[in-house]
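A short write-up of the structure that comes next.
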2 protein chains.
Amino acid sequence: MVMDVNRRTVLRLSRYRKALQRFSELGFVKVFSDNLGEAVGVTSAQVRKDFSLFGISGNKRGGYQIDSLLETLQRILGKGRVQKVIVAGAGNIGRALIHYPTFEKEGIQIAAAFDIDPAKMHRKERIPVLSLDEMPRFIEENGIEIGIIAVPEIAAQEVCDRMVRSGIRGILNFAPIRLRCGDENVVINPVNLQIELENVIYFVHALGKNQDTAPVNDKIKVNHL
Amino acid sequence: MVMDVNRRTVLRLSRYRKALQRFSELGFVKVFSDNLGEAVGVTSAQVRKDFSLFGISGNKRGGYQIDSLLETLQRILGKGRVQKVIVAGAGNIGRALIHYPTFEKEGIQIAAAFDIDPAKMHRKERIPVLSLDEMPRFIEENGIEIGIIAVPEIAAQEVCDRMVRSGIRGILNFAPIRLRCGDENVVINPVNLQIELENVIYFVHALGKNQDTAPVNDKIKVNHL
DNA sequence: GTTTTTTTGTGATAATTTTCACTAAATTGC
DNA sequence: GCAATTTAGTGAAAATTATCACAAAAAAAC
């Protein structure tokens, strides 16, 4: 059985990590797979399978030591060192990310933001907002690997190309368009807020219609999507 | 074979819709399943399966009429009428959503935002920012069904409970916590920006390590996550 | 020390989701 | 009109993902 480390597994790992942090803060020392599963919304078997995939093992009847498990997950998720990230686009979403409260504590450092609009530039801020033209050099000089695209749809592909040419290896893309990138070694993770909202709207309507006339095959029964 | 209308299918539907809008703007009249697949990043068979699930049919050899297909998708996705939405939390993300440029055009109307901080309130704006205490009445009086949670983690569950009690049926949750909601008929869609970013970071590191020493089982080979 | 209980780790199984591959229909070219 | 070609629609197959269920280990109880 070849079980792959896929996107979903890693997302769950991040959630386990978050849950463990809370448990740790509450003073707990050990945790069982069903505690973690309950906290994250998956089965205990799923938790154990995920861990086994990364060679994480606990103690039979003893569960997992929270501290060491947390350390292991931190290491797997690359939390060992500070991860520098840049943001292209200092509009609404870009600014929200620049000020995202927990990034700093979590080892994610927004090194700079870039925009095409001179009015948005702030060179003297703690997180400077520079000209988009300066982005390639900034990426190269600072060895930035991760970029966030928060520019309008029309500019997104161009910004993506520039990022990749300058050395960016992973992109979180908020522009509502599918970015094409020839390089197989570049990871692109799209986040489309409108589509996420439309998804909620769809299921609210679908549930509304199936209130009491639900046919057998309609397994529309969601709480968490 | 019972194929379910699931989250992913609806997400794809939204993407097809978006692609169709672009095709339509470019003056195209008809489209084939492989055009749509290519635009969205899925196979043509996937496109046809998705459509067949909703009883959408095209013409053999003729493809699909863009206009009528677009109308059908709009209807399925509830684009017939304006969907009113409220936002709890007028912090960075809340404000970004309030000013999200395409919501208006797409029939999504942010009716109001709510915050606990008096300094953030703006009763006279086009999209007013009101006190969180006013939220329940606003939801009831305006028959709001969809809510966005963009408050700090600590307040999210409480806001969720209030929303649901007041009649909200679907929630887009940006707080980095799993919301519990007893009501099976309430849909919750979590969007965790930090976790999405961590996902990119993980795969960038994973790809970096497996540059030329990739073992057989490591199927880490991603472009779009 | 032995029995009982609990919980991990995992192979087997089930469920879900996607892709394949082929039929049938429509269009085009001649 | 007929053959060739293209593309939708879909059952079957494959691939992926999640769950079950049970053996083995550790701890607790007695």
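Just so we're on the same page: letters track the sequence lines, and every chain starts at 1. Please read these numbers as outputs of a predicted model, since none were measured by experiment.
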Rounded distance (Å) that lies between atom [atom2] of [N] and atom [atom1] of [X]:
X: B:F54; N: D:dT10; atom1: CZ; atom2: P; result: 15 Å
X: B:R7; N: D:dA18; atom1: CZ; atom2: P; result: 13 Å
X: A:F32; N: C:dT5; atom1: CZ; atom2: P; result: 17 Å
X: B:D50; N: C:dT19; atom1: CG; atom2: C1'; result: 13 Å
X: B:N6; N: C:dT16; atom1: CG; atom2: C1'; result: 9 Å
X: B:R12; N: C:dT17; atom1: CZ; atom2: P; result: 9 Å

Nucleotide by nucleotide, 5' to 3', does protein get under 4.0 Å of the base (B), only the sugar-phosphate (S), or neither (-) in nucleotides 20-30 of chain D, counting heavy atoms?
-> BB--BBBBS--
Can you tell me if the side-chain N/O atoms of [X] get under 4.0 Å from OP1 or OP2 in [N]?
X: B:S33; N: D:dA8; value: yes
X: B:Y64; N: C:dA26; value: no
X: B:Q46; N: C:dT17; value: no

Counting side-chain heavy atoms from CB outward, which of D:dA8, C:dT7, D:dT10 is closest to B:S52?
-> D:dT10
Could you tell me which residues satisfy side-chain hydrogen bond (donor to acceptor under 3.5 Å, both in side chains) with B:T102, sequence neighbours excluded, listed by chain and number?
-> A:Q194
The side-chain hydrogen bond (donor to acceptor under 3.5 Å, both in side chains) partners of B:D161 (sequence neighbours excluded) come to B:Q157
To the nearest 0.5 Å, tell me how far A:I93 CD1 sits from A:I98 CD1.
-> 12.0 Å
Check the side chains of B:R169 and B:N185 for a donor-acceptor pair under 3.5 angstrom, ignoring hydrogens and angles.
-> no
Can a donor-acceptor pair be found between the side chains of A:N92 and B:R95 at a distance below 3.5 Å?
-> no
Between A:I146 and B:V204, is a side-chain contact (heavy atoms from CB on, under 4.5 Å) present by the stated rule, with each step listed?
-> CA-CA 8 Å; A:I146 313 284; B:V204 165; 3.7 Å; yes
Please determine if B:K79 and B:E71 form a salt bridge, counting it only when a charged side-chain N lies under 4.0 Å from a carboxylate O.
-> no
Select base, sugar-phosphate, or nothing to describe what B:F51 touches, counting heavy atoms under 4.0 Å on all strands.
-> nothing
Of B:R8 and A:S44, the one whose nearest nucleotide on DNA chain C sits closer to the 5' end is A:S44
